[in-house]
Each structure stands twice: as structure tokens, then as C-alpha cells.
Amino acid sequence: DGGITQSPKYLFRKEGQNVTLSCEQNLNHDAMYWYRQDPGQGLRLIYYSQIVNDFQKGDIAEGYSVSREKKESFPLTVTSAQKNPTAFYLCASSISGNGIGIQYFGAGTRLSVL
Amino acid sequence: SQQGEEDPQALSIQEGENATMNCSYKTSINNLQWYRQNSGRGLVHLILIRSNEREKHSGRLRVTLDTSKKSSSLLITASRAADTASYFCATDDNAGNMLTFGGGTRLMVKP
């Protein structure tokens, strides 16, 4: 069953804590993306990776970090430097790093602050 | 900054009616895509239209693109309650490295 799996579905962060959101794909896609979505808003790009061991900052990278050690995995860490982390986080992938391709999305992780 | 902006922000119609959503963007593009998002879920790709295309159909969906006006429209014909969702347009950046999404149109179809 091919697709993108995000976990956990819900996550709670305590003050000063780093948390990591998981994103795994078995579509053999080269490119992966992380977006943040606030209530009633569109998607804003946090980070993207066009190939293994390489990633680029998006529009709102401050307070976040990523790694791309394996083609199928692109975890996102929300650090304590991100002062307003409450949001819906979406991971996506596309066949190549060329942005004109179709992006396939996971079901999302909803992060809240305790 | 958002490349695409949808209009209207919200739309409420009766089942069986047509729904039209518009998207405007600012810079030249290679293609424009439309996505659908059910509440609390991920996005699902609906249709892609290239900059050299003017109209594209997929089932009950019809997309138009006017590059001179930097705008696109998504028409859903004979709407159903199951079409209730948010709809987003997305455009690629000039380098083709990423997509930029608009703020979305929230469509409610009443049975």
C-alpha cells in the first residue's frame, strides 16, 4: 500500500521542549516537503529536500530543523526556538525535485502546546 | 508571501448547483495546480494545467487558465454534498523548485 505516512497524528509539546514529527514515503520519490497550516489558512513551506542528504529552507524555516539521511524519510524537528508551534503540519513528496510535479500528501500531524 | 490567492474565501451552495472558485497569482508560472482538502486531512491533487493550456477537464471539474490576467478558475459542476472541502490553487516558483499555495476557498455544499 503505497503512500506517505505521518506520525503521530496528534502531538503535544511542553514549554522548552523539542519534538520530532515523522514522515515516511514508499513512493520512491526524490523530493519531500514540510508545510505548516494555521486554522483557515493556506500552506506555508518550512523546508524541502530535492535529494538525499540535501535540503533547503522554505519561507518559514526559523525554529525548525530537518534531516534527509534516507530517501524515504524526512523528519521535522520543532525546536524550542519556535515560539508559536501550534499548527497542522503536512508532509508531501513528489517524483522529482522539479516543483512542477504533482505533490502527494500525508494525513498530517496536529501539534499543540501544553 | 503567497503566490496564489483564491476568491471567494468561502462559498455555500445547494447540491446540484455549480461552484466556481478563482485564483490569481503574481509572477509567471510553468503550471498551476488545484488541490482539495477535507477537514483535518491532507491535500489531494485534482488537476494540473500547464502555462500553454487554456482549459482542462477532469470528470465534473473544469479548469481554465488566463496567463495574460494571471488567473485561473475551477468549476465544479452538479455539486454534491461530498464536494464539501477546501480547495487550493498552487503555482510553481520560477526555478521550478517548489509550489506556493493560496489561502484556499472553503466550499460547503448543502444537501
Side-chain angles (χ1 to χ4, degrees), chain A residues 3-7 9-10 21 23-25 27 29-51 54-61 66 87-112, chain B residues 1-11 21 23-25 27-53 56 58 63 65 85-108:
Chain A
I4 300 180
T5 302
Q6 289 188 242
S7 63
K9 190 171 181 179
Y10 300 96
L21 285 61
C23 179
E24 302 278 332
Q25 56 101 356
L27 300 169
H29 286 174
D30 284 324
M32 297 186 75
Y33 311 83
W34 273 106
Y35 295 93
R36 170 180 171 140
Q37 186 178 33
D38 291 286
Q41 303 295 315
L43 278 63
R44 291 185 290 168
L45 183 64
I46 305 172
Y47 269 98
Y48 67 101
S49 168
Q50 295 177 298
I51 199 167
D54 185 56
F55 49 83
Q56 305 295 329
K57 292 182 179 179
D59 296 324
I60 56 165
V66 294
F88 190 50
Y89 290 86
L90 286 161
C91 178
S93 70
S94 63
I95 292 175
S96 73
N98 186 331
I100 66 173
I102 294 169
Q103 293 190 6
Y104 297 82
F105 285 81
T109 293
R110 191 166 300 279
L111 175 62
S112 302
Chain B
S1 62
Q2 289 184 336
Q3 162 77 308
E5 294 292 338
E6 284 90 341
D7 171 60
Q9 291 187 329
L11 180 61
M21 289 158 266
C23 170
S24 60
Y25 56 92
T27 62
S28 61
I29 60 172
N30 293 312
N31 68 68
L32 184 143
Q33 302 182 42
W34 284 92
Y35 287 80
R36 167 193 168 127
Q37 183 182 34
N38 284 23
S39 181
R41 306 298 299 273
L43 277 68
V44 175
H45 178 264
L46 295 176
I47 199 163
L48 180 153
I49 186 165
R50 301 193 183 282
S51 59
N52 60 355
E53 298 176 310
K56 205 161 182 180
S58 176
V63 168
L65 179 64
S86 291
Y87 293 83
F88 296 90
C89 68
T91 53
D92 60 324
D93 67 344
N94 289 335
N97 293 324
M98 65 183 86
L99 292 180
T100 301
F101 289 81
T105 291
R106 292 182 297 283
L107 173 66
M108 175 174 287

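Chain letters run A, B, ... following the sequence lines, proteins first, then strands; residues in each count from 1.
- Heavy-atom pairs under 4.5 Å with chain A were tallied for B/G104, B/A10, B/S86, B/G40; the largest tally goes to B/G40.
- Contact annotation for A/Y35: only side-chain heavy atoms (C-beta onward) come within less than 4.5 Å of a heavy atom of chain B.
- With sequence neighbours excluded, no residue forms a salt bridge (Lys or Arg N to Asp or Glu O under 4.0 Å) with B/D7.
- When the options A/H29, A/Q103, A/Q25 are evaluated for a side chain to side chain donor-acceptor pair (under 3.5 Å) with A/S93, the one that passes is A/H29.
- Looking at A/Q6, neither its backbone nor its side chain comes within 4.5 Å of chain B, counting heavy atoms on both sides.
- Only the side chain of B/Q37 comes within contact range of chain A, with heavy atoms under 4.5 Å apart.
- Remark: B/K56 NZ to B/R50 CZ distance equals 6.5 Å, nearest 0.5 Å.
- Residues forming a side-chain hydrogen bond (donor to acceptor under 3.5 Å, both in side chains) with A/W34 (at least two apart in sequence, or on another chain): none.
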